[in-house]
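Heads up, the thing below is written out as structure tokens.
All chains are named by letter (A, B, ...) in the order of the sequence lines, taking the proteins before the strands, and each is independently numbered beginning at 1.
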Amino acid sequence: MTETLSTPAAGELNAEGLLDAYRTMRTIRVFEERVHDEFATGEIPGFVHLYAGEEASATGVCSHLDARDSIASTHRGHGHCIAKGVDPVEMMAEIYGKRTGSCHGKGGSMHIADLSKGMLGANGIVGGGPPLICGTALAAKQQNNGGVGVAFFGDGASNQGTTLESLNLASVWNLPAIFVAENNGYAEATASTWSVAADNIADRAAGFGMPGVIVDGFDFFAVHEAAGEAISRAREGGGPTLIEVKFTRYFGHFEGDQQAYRADEVANARDKLDCLKRFRARVTESGQLESSALDTVDSEVAALIESAVTEAKAAPKPTGVDLETDVYVSY
Amino acid sequence: MTETLSTPAAGELNAEGLLDAYRTMRTIRVFEERVHDEFATGEIPGFVHLYAGEEASATGVCSHLDARDSIASTHRGHGHCIAKGVDPVEMMAEIYGKRTGSCHGKGGSMHIADLSKGMLGANGIVGGGPPLICGTALAAKQQNNGGVGVAFFGDGASNQGTTLESLNLASVWNLPAIFVAENNGYAEATASTWSVAADNIADRAAGFGMPGVIVDGFDFFAVHEAAGEAISRAREGGGPTLIEVKFTRYFGHFEGDQQAYRADEVANARDKLDCLKRFRARVTESGQLESSALDTVDSEVAALIESAVTEAKAAPKPTGVDLETDVYVSY
Amino acid sequence: MARTISYREALNEALRQEMHRDSSVIVMGEDNAGGAGAPGADDAWGGVLGVTKGLYHEFPGRVLDTPISESAFVGAAIGAATRGMRPVAELMFIDFMGVCFDQIFNQAAKFRYMFGGKAVTPVVIRTMYGAGLRAAAQHSQSLYPIFTTVPGLKVVVPSSPYEAKGLLAQAIRDDDPVIFCEHKAMYDAVGEVPEESYTIPFGEANIVREGEDVTIVAFGRMVSVAAQAADELAASGVQADVLDPRTTSPLDTESILESVENTGRLVVVDEATPRCNLATDVAALVAKEAFGALRAPIEMVTAPHTPVPFSDALEDLYIPDAQRVVNATKSVVQWQR
Amino acid sequence: MARTISYREALNEALRQEMHRDSSVIVMGEDNAGGAGAPGADDAWGGVLGVTKGLYHEFPGRVLDTPISESAFVGAAIGAATRGMRPVAELMFIDFMGVCFDQIFNQAAKFRYMFGGKAVTPVVIRTMYGAGLRAAAQHSQSLYPIFTTVPGLKVVVPSSPYEAKGLLAQAIRDDDPVIFCEHKAMYDAVGEVPEESYTIPFGEANIVREGEDVTIVAFGRMVSVAAQAADELAASGVQADVLDPRTTSPLDTESILESVENTGRLVVVDEATPRCNLATDVAALVAKEAFGALRAPIEMVTAPHTPVPFSDALEDLYIPDAQRVVNATKSVVQWQR
Ligand SMILES: Cc1ncc(C[n+]2csc(CCOP(=O)(O)OP(=O)(O)O)c2C)c(N)n1
Ligand SMILES: Cc1ncc(C[n+]2csc(CCOP(=O)(O)OP(=O)(O)O)c2C)c(N)n1
Ligand SMILES: [Mg+2]
Ligand SMILES: [Mg+2]
């Protein structure tokens with residue numbers, strides 16, 4: 001059932017939708033490049049994994065989602081958060097460990113979440129999200145609200161038992177769940193061509209009774225169309241889909257990774273394949289959007305991230321009174 | 001890569017090999033029927049899961065194995081133990097919780113093992129065996145002795161993450177490992193047609209880069225041939241195979257199961273499909289074995305199991321001095 | 001309240017009443033109905049020990065069978081709990097925690113803290129623990145100490161049918177993740193249980209016997225063992241205060257300390273293996289907080305540091321019994337500096 | 001022995017020497033070499049923290065990268081151990097135990113007992129624990145108490161480069177399954193380490209400081225915290241006996257009891273969360289076996305009952321430090337009945 005989609009038409013997105021999508025991708029990109037720079041100054045603590053290069057996936061999928069829908073993410077979660085509507089200003093503060101952060105500084109980059117937005121959290125455990133999404137999809141089904149759950153996970157995570165058994169459970173229960181395997185070629189320093197014992201992750205779908213689709217992850221429109229199909233099918237009771245999105249991450253596995261395992265694939269991707277460049281070229285060439293409208297978004301995003309960083313740096317840290325609170329709802 | 005094998009020719013087995021195979025199947029059958037009867041008297045403690053009906057699988061696979069090779073089994077492990085050469089007399093004593101048992105009474109039905117025979121244990125954890133077999137296969141590979149590891153597991157276990165990720169690891173490491181999915185139609189009271197979200201378990205093989213084969217589990221020769229192919233390929237460095245064996249268990253999930261979930265599939269299987277009946281008919285019709293030779297085996301097996309039960313009943317139980325020993329090799 | 005029912009029935013009744021009360025309560029687990037996809041009966045099992053029997057037909061669509069994929073379905077229960085449901089998932093044997101612990105301790109337990117107090121995850125994981133049924137090493141463990149270590153989890157060990165019903169109702173209404181540990185050898189134990197719905201609050205010990213000479217703290221099935229020991233001790237003139245904390249987390253430290261302040265002596269009875277278990281937990285609490293009152297060494301009656309043996313001959317020696325509690329209690333009562 | 005190297009280098013050296021010594025020793029884990037299937041360098045990582053760096057080229061075919069499938073590869077290490085190998089598997093962070101615990105506690109740990117003494121499973125699982133690197137709730141836990149509860153496992157918590165090398169060599173030569181817990185904040189700690197191969201036996205505490213007034217038992221990274229506290233206390237006239245048990249299982253109960261018999265006072269320092277941890281374990285041991293000698297309440301210095309917070313401001317408060325140990329110690333030394 002695995003099929004490769006060629007780049008489709010822009011589909012139902014009108015100018016406003018396109019501009020939103022561009023804004024989301026651009027926000028993710030600038031957010032991540034800024035975190036990369038700030039991390040280098042030593043001011044950002046902990047482990048940080050950047051999503052730059054992969055923006056079309058989170059954006060293409062989440063542009064179909066609304067308040068009924070939920071997503072689960074990974075250690076590389078900033079992009080999914082932004083795409084699902086989490087406030088980048090709070091996110092930046094969280095990454096700096098500040099009390100004003102999305103999680104009051106208790107979570108950090110690997111645990112940004114906003115349940116009120118249906119964002120169930122980045123996740124420090126590879127393969128942690130797919131089981132949870134079986135649950136949010138189940139809740140939507142029980143509540144009969146047409147909602148879906150989307151689990152984003154990496155090529156490395158596609159080998160984790162928790163992920164694989166979730167595919168089966170979602171099929172058995174016929175859940176409105178979408179499994180988005182973001183194949184960026186590597187799990188840490190390990191190539192997915194080595195660790196995934198199949199030509200494609202999407203090839204696993206058949207063994208779990210669901211359609212498997214492969215899309216070019218640098219192409220927002222390809223992701224958007226594949227996700228749209230899967231999501232409408234799920235909303236209508238047609239069950240889960242596995243979508244494999246292929247692309248390259250622009251930075252190391254985590255900030256600090258020397259990347260000795262890589263060839264120079266990033267330069268080529270940035271230059272020739274980049275999702276933002278391609279998006280801009282396509283919508284301006286087709287006349288759907290003016291270049292100037294995109295430029296305006298660029299400056300707005302730049303200003304937003306600038307102020308996010310300024311606010312994050314200025315914000316207070318949590319203090320002793322916060323240490324033992326919020327372990328339980330009731331004590 | 002999934003293919004269904006039709007009943008092949010008897011292959012390389014000579015008369016002695018055939019008689020051995022028959023003896024093994026017969027021993028398993030009589031052992032299990034006797035445990036069934038004895039359990040009903042209330043004298044056997046704990047949980048007991050019987051393998052009757054499935055004899056051709058353990059026997060067809062293990063008839064290819066020798067001292068280099070190891071197997072891991074399940075809660076339904078008696079058949080695998082007998083087929084890999086564990087002493088039925090010690091096994092019976094173990095089931096009765098006696099000091100003379102395979103595990104000195106510390107293990108019981110669900111944990112019979114004999115490491116000296118390459119039998120890594122029945123297993124109380126569904127999906128517990130496949131990871132271990134990646135390890136024994138790895139050891140054989142590192143030791144370069146041509147050995148293989150075989151993981152037997154059920155249809156229910158084929159949905160467990162531990163099983164699924166083991167398939168991938170075995171392929172990635174190109175291990176001499178054979179995964180035998182014994183699909184007896186049920187995991188406890190749940191139908192495999194429901195719990196396995198694919199037409200066949202073997203259909204999962206492709207997603208993990210290995211051949212998948214389906215065999216009629218009532219047909220010793222079919223199992224023997226499929227296993228033979230997979231095992232020689234593995235011995236020669238050709239990597240793992242997933243073999244799905246389809247059949248029906250003759251007794252309930254465990255002793256005591258009322259089986260309200262079943263239709264009358266067992267009577268038909270016992271009558272029309274039974275592996276022992278088919279084996280006997282085939283080898284006698286083809287003139288490979290005399291009926292009388294098989295009858296002799298039948299009486300020898302009857303005597304063996306009779307004495308196993310007598311000895312087991314008479315054997316002493318472990319005592320207080322055994323309670324805290326053998327937790328560690330060194331203290 | 002003259003009606004007596006079994007521990008199993010008490011649990012079933014709590015589930016039924018809570019499902020009637022709140023439509024967001026759903027039940028899931030392997031063969032919790034039973035017979036999924038099979039030609040025979042649909043509610044063939046009601047769970048491997050019959051606790052969920054009958055709910056499938058009474059609450060259509062709200063009792064879900066699952067494939068054998070504990071990470072996926074326990075995780076699903078947790079995920080659903082974050083989206084307005086109150087799932088009760090059955091982890092058939094507590095021994096199976098090893099294939100799904102991540103979802104419990106790294107996901108459910110940490111959401112609230114890790115997400116800055118913004119998550120509510122009202123999931124209940126019912127699970128069966130304990131020795132006594134000759135179920136051997138992988139089906140007989142008392143692993144509640146492991147769950148007790150985990151901040152963010154609440155852990156319940158009901159010691160009777162009455163406790164079982166009221167604590168399960170509380171677990172379902174509670175907004176935090178709860179590990180509900182049912183002792184497999186108690187399902188047929190009978191006791192008085194009110195028909196109407198009720199809850200028992202977490203973190204409040206039940207005083208099972210009152211006495212002045214020694215405090216005995218016991219958990220789960222060990223409560224009845226301790227009570228039996230106390231009765232035997234009473235016959236020889238030793239009056240024991242027997243406490244059933246009901247929940248290991250939160251733990252009613254106040255009642256324990258108060259009792260020891262009064263008796264000056266402590267015995268803890270825990271079916272778990274001896275290292276880092278509840279016995280050490282309570283002993284340490286008392287050695288820290290009530291040292292001034294202590295008049296004797298603290299005794300702990302536990303399983304040995306071994307897997308659970310299969311043979312009845314060994315398993316009977318493995319499980320703490322009243323005699324061992326009596327002996328331990330006498331030793332602390334008779335202790336002289 | 002003038003040479004000083006880091007904890008990381010000490011571990012690497014132990015692996016190298018044991019691999020030279022015994023060809024059945026193999027190493028596996030995620031990116032233990034690094035770069036599998038990738039176009040660039042082949043030994044690109046040497047483990048996420050560089051502990052296995054260089055072994056890949058030195059021991060061809062004996063350092064295996066793995067997919068992210070902890071159950072499968074930890075299980076594989078265990079299975080291989082039953083067939084003549086001595087695998088050292090790396091569970092990158094101890095926090096990931098939740099996706100592979102079954103293979104460790106139900107399989108490896110129980111084989112020998114459950115199979116009647118007939119199995120030998122010499123597997124080592126190296127894993128990284130502890131807080132301090134702002135790695136947040138799922139990458140900072142001190143979960144060795146959970147492994148300590150499990151009969152059949154040995155659990156090692158090396159507190160210095162010297163200990164790390166000798167204990168890892170012992171772990172590899174040991175015939176039982178060993179959980180080897182490396183503290184992530186110690187990899188760069190340096191100390192004197194002999195070049196030649198040596199082993200440190202399990203179950204023998206190291207006396208880090210000698211004193212008569214109070215016993216301080218500390219584990220892993222907390223040993224240096226306790227030593228620092230002891231030095232500060234010495235300045236104010238309190239002489240502490242500081243014990244590093246080195247292994248939590250087996251535990252050197254004898255040395256602990258002997259020390260408390262002498263000092264009459266106990267403080268236990270454990271980086272783990274407070275319920276059912278090593279602090280309670282040691283406290284309970286002493287409250288049972290050395291009560292007669294005890295002259296003050298037992299103090300426990302531990303993390304709070306919360307997940308590990310991300311923000312440095314909170315994490316610094318979370319981790320037990322020398323000041324808290326000093327305060328606790330003073331309180332027991334000054335305690336009056
Ligand atoms: C259970 C578990 N195992 C290992 C890790 C360590 N780890 C963090 S990210 C990562 C690689 C993940 O690769 P992939 O799924 O492809 O995601 P990507 O980083 O490429 O986005 C690993 C091994 C972890 N966090 N959790
Ligand atoms: C991890 C785990 N989950 C659940 C169980 C309970 N259990 C024991 S056997 C069984 C059914 C197994 O079905 P299958 O794999 O098809 O094997 P079969 O019994 O049919 O031989 C279940 C659910 C278990 N032992 N371990
Ligand atoms: Mg990746
Ligand atoms: Mg089955």
Side-chain angles (χ1 to χ4, degrees), chain A residues 44-47 75 94 96-99 101 103-111 123-128 154-162 185-197 253-254 257-265 316-320 322-327, chain D residues 29-48 50 65-73 75 92-93 95-100 102-103 132-141 184 273 303-319:
Chain A
I44 294 180
F47 299 150
H75 55 286
E94 186 61 33
Y96 275 85
K98 297 304 178 72
R99 203 175 191 292
C103 307
H104 297 332
K106 286 176 166 173
S109 165
M110 255 191 298
H111 305 297
N123 208 309
I125 303 299
V126 169
D155 47 281
S158 80
N159 302 317
Q160 188 70 294
T162 55
Y186 295 94
E188 295 186 348
T190 299
S192 61
T193 48
W194 181 85
S195 74
V196 178
H253 169 63
F254 50 61
D257 178 5
Q258 297 308 311
Q259 306 188 62
Y261 51 89
R262 285 231 236 191
D264 194 22
E265 56 223 36
K317 289 186 176 173
T319 63
D322 300 310
L323 180 62
E324 300 199 30
T325 57
D326 285 331
V327 179
Chain D
E30 289 156 18
D31 295 298
N32 268 7
D42 250 358
D43 187 22
W45 274 27
V48 73
D65 276 350
T66 73
I68 306 175
S69 326
E70 283 82 1
S71 283
F73 79 75
M92 191 185 296
F93 288 77
D95 315 68
F96 306 163
M97 62 163 286
V99 296
C100 61
D102 184 72
Q103 290 293 322
L133 293 198
R134 323 314 182 196
Q138 294 172 342
H139 286 72
S140 304
Q141 297 168 84
K184 66 170 71 63
T273 52
H305 187 65
T306 80
V308 182
F310 165 65
S311 183
D312 54 353
L314 296 180
E315 197 185 31
D316 289 344
L317 295 172
Y318 180 92
I319 305 168

Between [X] and chain D, with a heavy-atom cut-off of 4.5 Å, which part of the residue counts as in contact: side chain, backbone, both or neither?
X	value
A:Asn123	both
A:Thr190	both
A:Glu265	side chain
A:Ser192	neither

Using heavy-atom distances under 4.5 Å, tell me whether [X] contacts chain A through its side chain, its backbone, both, or neither.
X	answer
D:Ser140	neither
D:Asp312	side chain
D:Glu315	neither

Side-chain heavy atoms of [X] within contact of [Y], under 4.5 Å:
X	Y	answer
A:Glu188	D:Met92	yes
A:Tyr261	D:Asp31	no
D:Gln138	A:Met110	no

Legend entry - Heavy-atom donor-acceptor pair, D:Ser311 side chain to A:Gly97 backbone, under 3.5 Å: yes
Legend entry - Considering all heavy atoms, the nearest D:Ala38-A:Tyr186 contact: CB-CE2, 3.6 Å
